[in-house]
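Start at 1 and go down the list; that is how both ligands and their atoms are numbered.
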Amino acid sequence: MKIETRNCIGQGFSTGTGKTFQAVNPATNEFLSEKFYVASATDADAALQKADESYATFAALDWDKRALFLEEIAHQMEALGDDLLERASLETGLPIGRLAGERGRTTGQLRMFADYIRQGRWVEATIETAQPARTPLPKPDLRKMMQPLGPVIVFGSSNFPLAYSVAGGDTAAALAAGCPVVVKAHPAHPGTSALVAMAILKAAQLTHMPEGVFSLLYCNGFTIGEALVTHPKAAAVGFTGSLNGGRALFNLAAQRPNPIPVFAEMGSTNPVVLLPGALSENAKTIAAQYADSITLGVGQFCTNPGLLLGIKGPELTQFKEALAALLSAKLPETMLHKGISQAFNTKSSDMLAQPEVALLAQSDTHPATGAGRPMVATASGTAFKANPALHQEVFGPFSLLIECDDLEELKTCVSTLQGQLTGTLIGTDTEWEASKSLVQALTQKVGRVIFNGVPTGVEVCAAMQHGGPYPATTDARFTAVGVDAIKRFLRPVAFQNTPDALLPKALQNANPLQISRRINGAYTHNAL
Ligand code: NAP
């Protein structure tokens with residue numbers, strides 16, 4: 001299948017600066033043949049001008065039309081067949097089976113948002129009728145609903161080339177909300193990005209979307225990302241990636257003359273608290289679960305369990321021995337790209353260089369270049385409380401086991417944690433009663449609390465929370481997964497004493513969209 005190597009600006013194409021870059025196959029370290037054109041500042045401007053021109057039309061479309069667009073994107077992604085999966089595998093080293101699952105998740109997300117916007121609850125239509133006779137002052141008629149923010153800039157991450165990339169959760173949520181999208185393609189998977197972009201552009205044509213509703217720009221450096229985030233027409237940013245990247249873009253957006261929100265989903269060590277009762281019953285089974293979770297996808301998940309906390313004793317010793325034996329038998333595997341594998345080597349070495357940290361076990365197999373060697377290290381609770389370096393994420397198949405003297409020290413360690421995407425508790429029914437304060441302390445630090453499971457595996461559904469206090473994200477009030485992700489790209493607008501014909505349909509007296517609305521405090525489908 002031919003891959004478009006030019007930047008897509010609406011339905012047009014540009015060779016930008018004329019400079020090119022190539023993707024690298026991380027398994028062989030060889031360049032792939034296609035040369036992708038690095039976008040110019042003029043391209044960034046053109047993409048945002050077009051996005052802005054399409055905004056009013058796109059935002060005002062019937063929800064069903066936007067839903068059909070999302071469904072058509074899903075259909076066009078499926079129509080790419082194995083070509084898409086094979087290209088993604090070449091560019092990321094991820095196995096085809098994993099990518100097939102990820103495509104299912106991506107198309108599922110698009111269809112989920114299509115269903116959700118048709119239901120109309122997302123606009124949160126709220127009506128308070130006038131009380132002209134109220135004293136001392138009459139009450140006006142007030143009607144409020146959510147409106148799309150404007151053009152959204154999306155940065156995908158390298159570890160989810162489909163589900164958190166060109167047509168991933170951020171793009172799906174922004175388009176569902178009625179916001180045009182400009183994607184800065186991740187340079188580790190440009191061919192995958194191009195194929196998905198063409199699927200989106202074809203869907204846009206087939207469903208008659210306004211020109212400029214979607215653009216994709218390439219850059220193997222920061223220039224274009226920075227130009228997009230600082231462009232006056234950009235209204236919000238969705239970012240998935242590293243803490244450094246997310247924070248840099250957040251700072252840039254805050255320094256604009258008109259600051260805009262940056263919803264950055266970044267790193268997390270996803271602490272796991274191992275209570276002694278559970279370990280005394282099931283140390284080996286829990287160790288097996290965690291050896292698998294730490295090494296799943298070569299540890300390249302934002303929910304990878306990078307931190308384990310337990311209480312010293314025979315149970316923890318048994319767990320440690322079982323985990324060490326299992327980890328030693330795991331094989332190093334190819335990581336996503338050179339940058340990630342170099343960062344893994346540097347950060348794991350930095351962690352092991354801390355005077356209080358000792359290597360517990362590592363894969364018996366020496367890794368090939370670009371492969372991540374599974375490892376587990378240990379440190380005391382005292383060291384963890386005193387040394388912030390022990391709190392850093394090592395992105396890859398690495399976990400640090402903190403051995404606390406007692407439950408009190410374990411609680412103190414939890415209270416020193418930074419913000420996290422998830423926190424897990426492993427315990428028995430008899431241990432929960434005494435763990436309420438621990439659960440409370442963990443809840444304050446994380447977006448999702450898990451009992452007796454592993455943090456890897458993020459269910460895409462309405463009740464999922466994928467976010468958490470900084471540095472897990474830049475705004476803990478929102479989720480990047482599930483239908484509530486749409487809220488990041490909406491803002492409320494109230495209409496006061498507005499003639500019925502001038503109101504959006506969602507707020508008109510007759511309730512022509514037949515949606516659920518909150519009228520004078522009660523939810524109803526009734527007309528006024
Ligand atoms: P990354 O290196 O931060 O890259 C993400 C994107 O941002 C790339 O397009 C990158 O462009 C761009 N970028 C990074 N720094 C920038 C800057 N200062 N200015 C402008 N653009 C910048 O992240 P990654 O390596 O792809 O992903 C791995 C990380 O993502 C891990 O830390 C992982 O925990 C995190 N992650 C988080 C979640 C979540 O939901 N919380 C999900 C998945 C992954 P260039 O590549 O051209 O520099």
Visitor: When rounded to the nearest 0.5 angstrom, what distance separates CG in L410 from CD1 in I402?
Guide: 10.0 Å

Visitor: Check the orientation of H466 and Y164. Use parallel for under 30°, tilted for 30 to 60°, and perpendicular for over 60°.
Guide: tilted

Visitor: Could you tell me which atoms of ligand 1, counted from 1 in the order shown, lie closer than 4.0 angstrom to a heavy atom of N220?
Guide: 47 (O)

Visitor: Just going by heavy-atom distances, which of F239, F395, F222 is nearest to atom 17 (C) of ligand 1?
Guide: F222

Visitor: With a 6.0 Å cut-off on the ring centroids, do F21 and Y37 count as close?
Guide: no

Visitor: With backbone taken as N, CA, C and O and side chain as the heavy atoms from C-beta onward, which portion of P187 lies under 4.0 Å from ligand 1: side chain, backbone, both, or neither?
Guide: side chain

Visitor: Looking only at heavy atoms, is any part of L249 under 4.0 Å from ligand 1, and if so is it the side chain, the backbone, or both, or is it neither?
Guide: side chain

Visitor: With atoms numbered from 1 as shown, which atoms in ligand 1 lie under 4.0 angstrom from a non-hydrogen atom of C219?
Guide: 47 (O)

Visitor: Among all protein non-hydrogen atoms, which one is nearest to atom 38 (C) of ligand 1, and what is the separation to 0.1 Å?
Guide: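 Of every protein heavy atom, C302 CB, 3.1 Å lies nearest to atom 38 (C) of ligand 1.
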
Visitor: Less than 4.5 Å apart, side chain to side chain, heavy atoms only: is that true for K233 and E53?
Guide: no

Visitor: Is the number of heavy atoms from other residues, nucleotides or ligands under 6.0 Å of E78 CD greater than 12?
Guide: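 Result for CD/E78: enclosed.
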
Visitor: With heavy atoms under 4.0 Å as the rule, classify the contact between N244 and ligand 1 as side chain, backbone, both or neither.
Guide: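 Neither part.
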
Visitor: Between E265 and T240, does any side-chain donor sit less than 3.5 Å from a side-chain acceptor?
Guide: no

Visitor: Please determine, by modelled atom types, if S242 and N244 share a side-chain donor-acceptor pair under 3.5 angstrom.
Guide: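 N244 and S242 do not have a side-chain donor-acceptor pair below 3.5 Å.
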
Visitor: Which protein heavy atom lies closest to atom 39 (C) of ligand 1, and at what distance to 0.1 Å?
Guide: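 Sorting protein heavy atoms by distance from atom 39 (C) of ligand 1 puts E265 CB, 3.4 Å first.
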
Visitor: Can you find a non-hydrogen atom of Q300 under 4.0 Å from ligand 1?
Guide: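 Flag not set, Q300 not near ligand 1.
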
Visitor: Name the residue from L442, L425, V446 that meets the side-chain contact (heavy atoms from CB on, under 4.5 Å) definition with V414.
Guide: L442

Visitor: Counting heavy atoms only, which of G396, G339, S242 is nearest atom 3 (O) of ligand 1?
Guide: S242

Visitor: Are any of the N or O atoms of E393 closer than 3.5 Å to those of ligand 1?
Guide: yes

Visitor: Can you tell me if G221 has a non-hydrogen atom under 4.0 Å from ligand 1?
Guide: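 Heavy atoms of G221 do come under 4.0 Å of ligand 1.
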
Visitor: To check your reading of the model: name the closest protein heavy atom to atom 10 (C) of ligand 1, its residue, and the distance in Å.
Guide: K184 NZ, 3.9 Å

Visitor: With a 3.5 Å cut-off and no angle check, do the side chains of T92 and H189 form a donor-acceptor pair?
Guide: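 Side-chain D/A pair, T92 to H189: absent.
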
Visitor: Which heavy atom of the protein is the closest neighbour of atom 12 (C) of ligand 1, given with residue, atom name and distance?
Guide: F155 CD2, 4.0 Å

Visitor: Who gets closest to atom 6 (C) of ligand 1 by heavy atom: G156, A343, G241, G267?
Guide: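 Checking each option, the heavy atom nearest atom 6 (C) of ligand 1 is found in G156.
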
Visitor: With backbone taken as N, CA, C and O and side chain as the heavy atoms from C-beta onward, which portion of M266 lies under 4.0 Å from ligand 1: side chain, backbone, both, or neither?
Guide: backbone

Visitor: If you measure from CG on N159 to CD1 on I340, what distance do you get to the nearest 0.5 Å?
Guide: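 Spacing of CG (N159) from CD1 (I340) equals 6.0 Å.
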
Visitor: Heavy-atom pairs closer than 4.0 Å: do any link ligand 1 to the side chain of S268, the backbone, both, or neither?
Guide: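 For S268, no heavy atom sits under 4.0 Å from ligand 1.
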
Visitor: Are more than 12 heavy atoms from other residues, nucleotides or ligands located less than 6.0 Å from atom CZ of R121?
Guide: no

Visitor: Under a 4.0 angstrom heavy-atom cut-off, which atoms of ligand 1 come close to I340?
Guide: 25 (O)

Visitor: So, F384 versus H391, ring centres under 6.0 angstrom or not?
Guide: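 Distance test on ring centres: under 6.0 Å, yes.
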
Visitor: Quick one: nearest non-hydrogen protein atom to atom 15 (N) of ligand 1, plus distance?
Guide: G245 CA, 3.1 Å

Visitor: Do any N/O atoms on H466 end up under 3.5 angstrom from N/O atoms on ligand 1?
Guide: yes

Visitor: Can you confirm whether the side chains of D43 and S14 place a donor and an acceptor under 3.5 Å from each other?
Guide: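 S14 and D43 do have a side-chain donor-acceptor pair below 3.5 Å.
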
Visitor: Show the atoms of ligand 1 that are less than 4.0 angstrom away from any heavy atom in N159.
Guide: 43 (C), 44 (C)

Visitor: For the CZ atom on F451, are there more than 12 heavy atoms of other groups (residues, nucleotides or ligands in this structure) within a distance under 6.0 Å?
Guide: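 Correct, the count exceeds 12.
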
Visitor: For F478 together with F263, are the ring centres under 6.0 Å from each other?
Guide: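 Ring centres of F478 and F263 closer than 6.0 Å.
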
Visitor: So for ligand 1, is S158 a polar contact partner (N or O within less than 3.5 Å, distance only)?
Guide: yes

Visitor: Look at atom 4 (O) of ligand 1 and say which protein heavy atom is nearest, naming residue and atom and giving the distance to 0.1 Å.
Guide: H186 NE2, 3.6 Å

Visitor: Taking heavy atoms and a distance under 4.0 Å, where does L421 meet ligand 1: side chain, backbone, both or neither?
Guide: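 It is the side chain that gets close, since no backbone atom is under 4.0 Å.
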
Visitor: Which part of A248 is near ligand 1, with near meaning a heavy atom under 4.0 Å away: side chain, backbone, both or neither?
Guide: side chain

